[in-house]
*Asks:* 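Got a structure for you, written out below as structure tokens; questions coming shortly.
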Amino acid sequence: KAKEAGRATYHFFEPGMDAKLQERRALEVDLRKAIEMDELELYYQPLIRLETNEISGFEALVRWQHPTRGTVSPADFIPLAEETGLIGAIGNWVLNRACADATAWPSHIKVAVNLSPLQFKNNALVLQVVAALGNSGLSGQRLELEITEAVMLHDTDATIAMLNDLRALGVRISMDDFGTGYSSLGYLRKFPFDKIKIDRSFIQDLSANPDSIAIVRAVANIGSALGMATTAEGVETEAELAQLRHEGCTEVQGYLFSKPRPAKEIHSLLARETCALQQVAV
Ligand code: C2E
Ligand code: MG
Ligand code: MG
Ligand code: MG
């Protein structure tokens, strides 16, 4: 058949491709089952507000506990979910799980949820957010949605309209991984962001590269001028923390404070926050 012929040709030019395709297809089949089999789990990583040195919220990061493969990284399965259309179901599951989990936290603690650009292609997205808030009873003010610059590549007017509808619910919008991909200052003017998350690559580079310091400083200044919070992602050292504080970032996130942890550990994270954070503060 044509399909098999095509694959045979492929195989001729790229040995090993067949095995890769088969592996991908197997992973796709497994991913389809993962939601109903309850194999997905949310981990949470604290966001720390530098003005108070206190946890202001947690970012939800999805984990897949595969029965035989072990933990599969979202960096591996989110792209697959996007290619196969499974991102819609996964994204909606994440949204509902995160809102439900956050209702168990103190009311000043927010939850941040990552959205795939593809979720903005679905007209029902705003209604799904309304439903997740309604079903959980979480106030819209406690939800932050993180989107990447790739969102801008799609229908800009429709995306802006959806972002405005979401903000009307009290939900805050964060620009994730800022500085990578298709960054444009124009987007910051066009889109109603509440927060800029500076990509980890700039933070990693801080001590070695004065240019990264200049870039972080500039982004913090832009954020401040535009009334947006600025979060530094991937803070791992005291030196980075001191530098970021000096440059005027308003929030930090990284292994220095905590790796992403299961939901059941949130309360102990909040309990130890005062002593642990005061050490890394000032
Ligand atoms: P992201 O949204 O930029 O999330 C931050 C990533 O940086 C997380 O990786 C986190 O574990 C990692 N990280 C945080 N602090 C540090 C640090 O100090 N050092 C290092 N080396 N890494 C740090 P993770 O959990 O593997 O997630 C990777 C990406 O997968 C996320 O990047 C996000 O783009 C995507 N993702 C995760 N969960 C979801 C989800 O529920 N929906 C969607 N659409 N994407 C998700
Ligand atoms: Mg994120
Ligand atoms: Mg990020
Ligand atoms: Mg990132």
Side-chain angles (χ1 to χ4, degrees), residues 27 30-48 55-67 69-82 84 86-119 122 125 128-148 166 169 171-174 176-177 195 197 200 231 233-234 251 253-255 257-273:
L27 197 64
D30 287 357
L31 187 55
R32 252 175 230 288
K33 285 189 219 141
I35 297 182
E36 36 180 322
M37 301 302 280
D38 216 27
E39 289 169 11
L40 296 183
E41 190 185 356
L42 291 186
Y43 272 40
Y44 291 95
Q45 189 180 33
L47 299 153
I48 290 105
I55 293 177
S56 56
F58 291 88
E59 178 175 2
L61 295 157
V62 70
R63 297 289 180 266
W64 179 11
Q65 297 296 340
H66 190 281
R69 297 171 196 270
T71 304
V72 187
S73 160
D76 291 328
F77 73 82
I78 292 289
L80 179 66
E82 289 177 335
T84 54
L86 290 169
I87 191 66
I90 292 175
N92 201 32
W93 178 86
V94 168
L95 200 51
N96 280 278
R97 182 76 261 153
C99 288
D101 284 347
T103 57
W105 310 342
S107 62
H108 66 285
I109 303 289
K110 298 187 179 78
V111 64
V113 173
N114 292 285
L115 291 185
S116 160
L118 291 186
Q119 290 179 265
N122 178 357
L125 175 65
Q128 288 176 346
V129 173
V130 170
L133 292 172
N135 292 337
S136 62
L138 191 78
S139 143
Q141 274 84 7
R142 293 181 61 194
L143 178 64
E144 293 181 352
L145 297 176
E146 298 193 358
I147 63 177
T148 58
L166 291 167
L169 302 169
V171 172
R172 291 175 173 83
I173 311 291
S174 305
D176 205 353
D177 304 341
K195 184 184 282 187
K197 298 190 77 174
R200 184 164 70 86
T231 304
E233 297 189 302
E251 200 177 62
Q253 172 180 12
Y255 293 175
F257 313 98
S258 172
K259 289 195 170 182
R261 307 297 310 160
K264 62 178 188 312
E265 291 179 29
I266 296 269
H267 280 100
S268 65
L269 272 176
L270 286 169
R272 66 141 216 198
E273 87 163 296

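Computed from a predicted model, the values in this text were never measured in an experiment.
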*Asks:* Under the side chain to side chain donor-acceptor pair (under 3.5 Å) test against Ser56, which residue among Glu144, Lys110, Glu251 passes?
*Replies:* Glu251

*Asks:* How long is the span from the CZ atom in Arg261 to the OH atom in Tyr44, to the nearest 0.5 Å?
*Replies:* 14.0 Å

*Asks:* Please give me the minimum heavy-atom distance between Ile90 and Ala81, naming the atom from each residue.
*Replies:* CD1-CB, 3.9 Å

*Asks:* Can you confirm whether Glu59 sits close enough to Asn114 that some side-chain heavy atom of one is under 4.5 Å from a side-chain heavy atom of the other?
*Replies:* yes

*Asks:* Are any non-hydrogen side-chain atoms of Gln45 and Gln253 less than 4.5 angstrom apart?
*Replies:* yes

*Asks:* Provide the closest heavy-atom pair for Leu42 versus Val62 in the form atom of the first, atom of the second, distance.
*Replies:* CD2-CA, 3.7 Å

*Asks:* For Ile109 versus Trp105, what's the shortest heavy-atom pair and its separation?
*Replies:* CG2-CE3, 3.7 Å

*Asks:* Looking only at non-hydrogen atoms, find the nearest pair between Thr148 and Pro117 and report the distance.
*Replies:* OG1-CG, 3.8 Å

*Asks:* If I take atom CG from residue Asp177 and atom NZ from residue Lys197, how far apart are they, to the nearest 0.5 angstrom?
*Replies:* 8.0 Å

*Asks:* Indicate yes or no: at least one non-hydrogen side-chain atom of Asn122 is less than 4.5 angstrom from one of Gln128.
*Replies:* yes

*Asks:* Nearest heavy-atom pair of Pro260 and Tyr255: which atoms, and what distance?
*Replies:* CD-CE2, 4.2 Å

*Asks:* With side chains defined as the heavy atoms from C-beta onward, is the minimum distance between Leu269 and Phe58 less than 4.5 Å?
*Replies:* yes

*Asks:* Has the side chain of His267 got a donor or acceptor atom that lies under 3.5 Å from a matching backbone atom of Ala104?
*Replies:* yes

*Asks:* For a quick test of reading the model, state the closest non-hydrogen atom pair linking Lys195 to Thr231 and the distance between them.
*Replies:* CD-OG1, 3.3 Å

*Asks:* Would you please say whether a donor-acceptor pair under 3.5 Å links the side chains of Asn92 and Gln119?
*Replies:* no

*Asks:* Should Leu40 and Val94 be marked as a side chain to side chain contact (heavy atoms under 4.5 Å, CB included) after you check the CA-CA gap, both sets of side-chain angles, and the distance that decides it?
*Replies:* CA-CA 9 Å; Leu40 296 183; Val94 168; 5.9 Å; no

*Asks:* When rounded to the nearest 0.5 angstrom, what is the spacing between CG in Leu31 and NZ in Lys33?
*Replies:* 11.0 Å

*Asks:* Between CG of Leu115 and CG of Leu166, what distance do you get to the nearest 0.5 Å?
*Replies:* 8.0 Å

*Asks:* Check this for me: does any side-chain nitrogen of one of Arg69 and Glu39 sit under 4.0 Å from a carboxylate oxygen of the other?
*Replies:* no

*Asks:* Within the 4.5 Å heavy-atom criterion, are Val129 and Leu143 side-chain neighbours or not?
*Replies:* yes

*Asks:* If only atom types and distance count, is the side chain of Arg142 paired as donor or acceptor with the main-chain N or O of Val111 below 3.5 Å?
*Replies:* no

*Asks:* Could you grab the distance from atom OG1 of Thr71 to atom CZ of Phe77, nearest 0.5 Å is fine?
*Replies:* 10.0 Å

*Asks:* From Ile48 CD1 over to Ser258 OG, what is the distance, rounded to the nearest 0.5 angstrom?
*Replies:* 8.0 Å

*Asks:* Indicate yes or no: at least one non-hydrogen side-chain atom of Leu86 is less than 4.5 angstrom from one of Leu80.
*Replies:* no

